Amino acid sequence: MGAAAASEGHAGLMVFRIRMAASAHIRKRLAGDTGGFAAAITTGDRSAISPEALQALRVSNLAHLLAISGLHMGLLTGFVFAGLRLLLTLHPVSALRWPTKAIAAVGALIAAAGYLALSGGNVATQRAFIMVAVALAALMIGRRAFSLRAVAVAAFVVLILRPEALMGPGFQMSFAATTALVAVFGWLRGIDQRWLPKWARPVFATVVSSAVAGFATAPIAAAHFNAFAHYGLIANLASVPLMGLFVIPAAVLALLMAPLGLDWIGLAVMGLGLDWILGVAHAVSELEGARGHVVSPGAWVLPLLSLGFLMLILWQGRLRWVGVPAMALSLVLWNEAVRPELLISDTGTLVGVMTPKGRALSKAKGAGFVARNWLENDGTGATQASAAKLWRQGDIVHLSGKRALAGFQGCQAGQIVVASVRADVLTGQPCRVFDPTSLRRTGAVALRKSGEGWRITTARGSAGDRLWTHWPKARSQDQ
């Protein structure tokens, strides 16, 4: 077993070296963010992309093009499948006697496996590979490649291998988009499209696919990232077709011509497509109101939204329309979401109080990760520095450091005092005290006002007891 593990580790190190060498070679041929973009979608190495370009891609809703996921894997395998099948049909013997579709599917599956290894095999790429493998296997046995059954099989395999993926945005967004696309194009299959000119049908399919995928994933993305791109559909319509027409085919061409030293031809074409996409990202991100912010939904919003979505797509007959009011109810619940009035970090180093002007933070610097999460979940888009300007000591007092604690004159009934250091000197005071000792038992704390005082919810109480924790379950309590 030790020898096998060592061999596997050696193979993994060799693949990593090949990836990094390929990334360096691509960035040598294509300079700046273009090269970083090209390296990201071929080897999974995003280190060369500037923060400005990354922010523009996020604001314009084009950041998904960086992740080697279903879009890239589907375009690659589709291009390889079509190319191999075209080659096999050029000779009468192979065209008439060989199972060209199955052979092309095998070749596309091999290409997908190679892409999986070259990209580093992260979770999103593994999920995309499984979905593509299911579709290609269906082609090999003469079944429809894209059906809701194939999507269900792919989801089942992914959850067997990685059950924790169910709660992640990657799984939810990719399968929401895939399910919606398969369902919508299944419905469109029964509609006569002869009224459309032949040249307009691919354009129509591109517009429909971008719109459907955007609408299916927008609520999930907003729920997880508390932001949505107002012009994301426009940016995707102007960018995604180029991935299929120029970027991915050019990447395959560069790979095939690399042994001859002519990979620069494919990379040059690839760079033109990526330059366009980056240009679209910067142009869209600079538009006024390009990005909006939303508050984090309650625990029931996404499950109810997903249930309504699946009922609308999977159910047969008129009963499927019950999914529409379920989805509408989830949006109503989302709109009624209320954030806690008071938030305390698990170490007592940061306190956030909701004010009429937004969340006020007790510090302008430090605990940046916590501050960013709080402000994002509030859906305001504020920065920590701007939120700190709203802070005022009053009924909520934050004592940061030993000096602040030593200079504190005492508290009154009804006050809440949060200390970043152990505050035994405040024992017996009439106020409520949170310090590292108490927070170690509860984790981070959220307080909401109620008719009977403050209702307290703790991180430990929300997570529950686990085998790797030694604290008793802390339940919500009323003060």
Side-chain angles (χ1 to χ4, degrees), residues 296 338-378 380-463 465-466 468-479:
S296 288
V338 178
R339 293 284 293 153
E341 285 87 351
L342 176 60
L343 294 171
I344 303 172
S345 67
D346 59 348
T347 57
T349 55
L350 187 68
V351 179
V353 178
M354 187 62 75
T355 72
K357 295 183 179 181
R359 178 79 59 186
L361 296 182
S362 59
K363 295 171 62 176
K365 294 182 179 180
F369 179 76
V370 175
R372 184 168 61 253
N373 282 339
W374 287 356
L375 296 173
E376 286 179 354
N377 292 337
D378 289 338
T380 62
T383 63
Q384 183 174 358
S386 62
K389 294 179 181 179
L390 301 176
W391 179 261
R392 299 290 185 274
Q393 296 277 31
D395 291 338
I396 312 299
V397 178
H398 185 217
L399 304 177
S400 181
K402 295 181 179 180
R403 183 175 299 178
L405 177 62
F408 187 56
Q409 300 299 320
C411 58
Q412 302 173 357
Q415 280 188 318
I416 294 178
V417 178
V418 182
S420 63
V421 294
R422 187 167 179 171
D424 293 339
V425 295
L426 298 180
T427 302
Q429 294 278 348
C431 54
R432 175 88 189 207
V433 179
F434 294 90
D435 68 351
T437 302
S438 62
L439 292 170
R440 193 176 298 115
R441 295 191 299 268
T442 63
V445 176
L447 294 90
R448 292 177 171 85
K449 288 183 179 179
S450 65
E452 301 177 356
W454 289 101
R455 182 171 180 81
I456 303 174
T457 305
T458 67
R460 200 77 65 197
S462 299
D465 293 325
R466 296 292 184 268
W468 52 87
T469 61
H470 301 282
W471 294 275
K473 183 175 181 180
R475 297 178 175 82
S476 297
Q477 53 183 321
D478 296 326
Q479 181 179 328

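A quick note: this is a predicted structure, and the numbers were derived from the prediction, not measured. Note that the numbering runs from 1 along the sequence shown for the chain. No hydrogens, no waters, no symmetry mates; every other heavy atom, side chains included, goes into these values.
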Rounded distance (nearest 0.5 Å) linking atom [atom1] of [X] with atom [atom2] of [Y]:
| X | Y | atom1 | atom2 | answer |
| --- | --- | --- | --- | --- |
| I416 | C431 | CD1 | SG | 9.5 Å |
| I344 | L350 | CD1 | CG | 10.5 Å |
| I396 | F434 | CD1 | CZ | 9.0 Å |
| L342 | M354 | CG | CE | 10.5 Å |
| R448 | W454 | CZ | CH2 | 11.0 Å |

### Query
Hey, is the main chain of S438 close enough, under 3.5 Å, to the side chain of D435 for a donor-acceptor pair?
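At least one qualifying donor-acceptor pair exists.
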
### Query
Checking Q384 side chain against G366 main chain: does a donor-acceptor pair fall under 3.5 Å?
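Checked: pair present.
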
### Query
So which pairs with a foot in residues 358-374 pass side chain to side chain donor-acceptor pair (under 3.5 Å), sequence neighbours left out?
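Listed once each, the pairs are R359-D378, S362-H398.
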
Partners passing side chain to side chain contact (heavy atoms under 4.5 Å, CB included) against [X] (at least two apart in sequence or in another chain):
| X | answer |
| --- | --- |
| A388 | A364 |
| K357 | T355, L390 |
| D346 | A444 |

### Task
Answer whether the closest heavy-atom distance between the side chains of L375 and T383 falls below 4.5 Å.
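The answer is no; the side chains never approach within 4.5 Å.
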
### Query
What closest approach, in Å, do A446 and L343 show between heavy atoms, and which atom pair accounts for it?
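That closest heavy-atom pairing would be CB-CD2, 3.7 Å.
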
### Closest heavy-atom pair and its distance - K389, R392
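Taking every non-hydrogen atom into account, O-NH1, 3.0 Å.
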
Do any side-chain atoms of residues 402-415 form donor-acceptor pairs under 3.5 angstrom with protein atoms, and if so which ones, sequence neighbours left out?
| unit_1 | atom_1 | unit_2 | atom_2 | d |
| --- | --- | --- | --- | --- |
| Q409 | NE2 | G407 | O | 3.3 |
| Q415 | OE1 | Q412 | N | 2.9 |
| Q415 | NE2 | G394 | O | 3.0 |

### Query
What residues form a side chain to side chain donor-acceptor pair (under 3.5 Å) with T437, not counting sequence neighbours?
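T437: no side chain to side chain donor-acceptor pair (under 3.5 Å) contacts found.
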
### Query
Are R432 and I456 close enough, and set up right, to give a side chain to side chain contact (heavy atoms under 4.5 Å, CB included), and what steps lead you there?
CA-CA 12 Å; R432 175 88 189 207; I456 303 174; 3.8 Å; yes

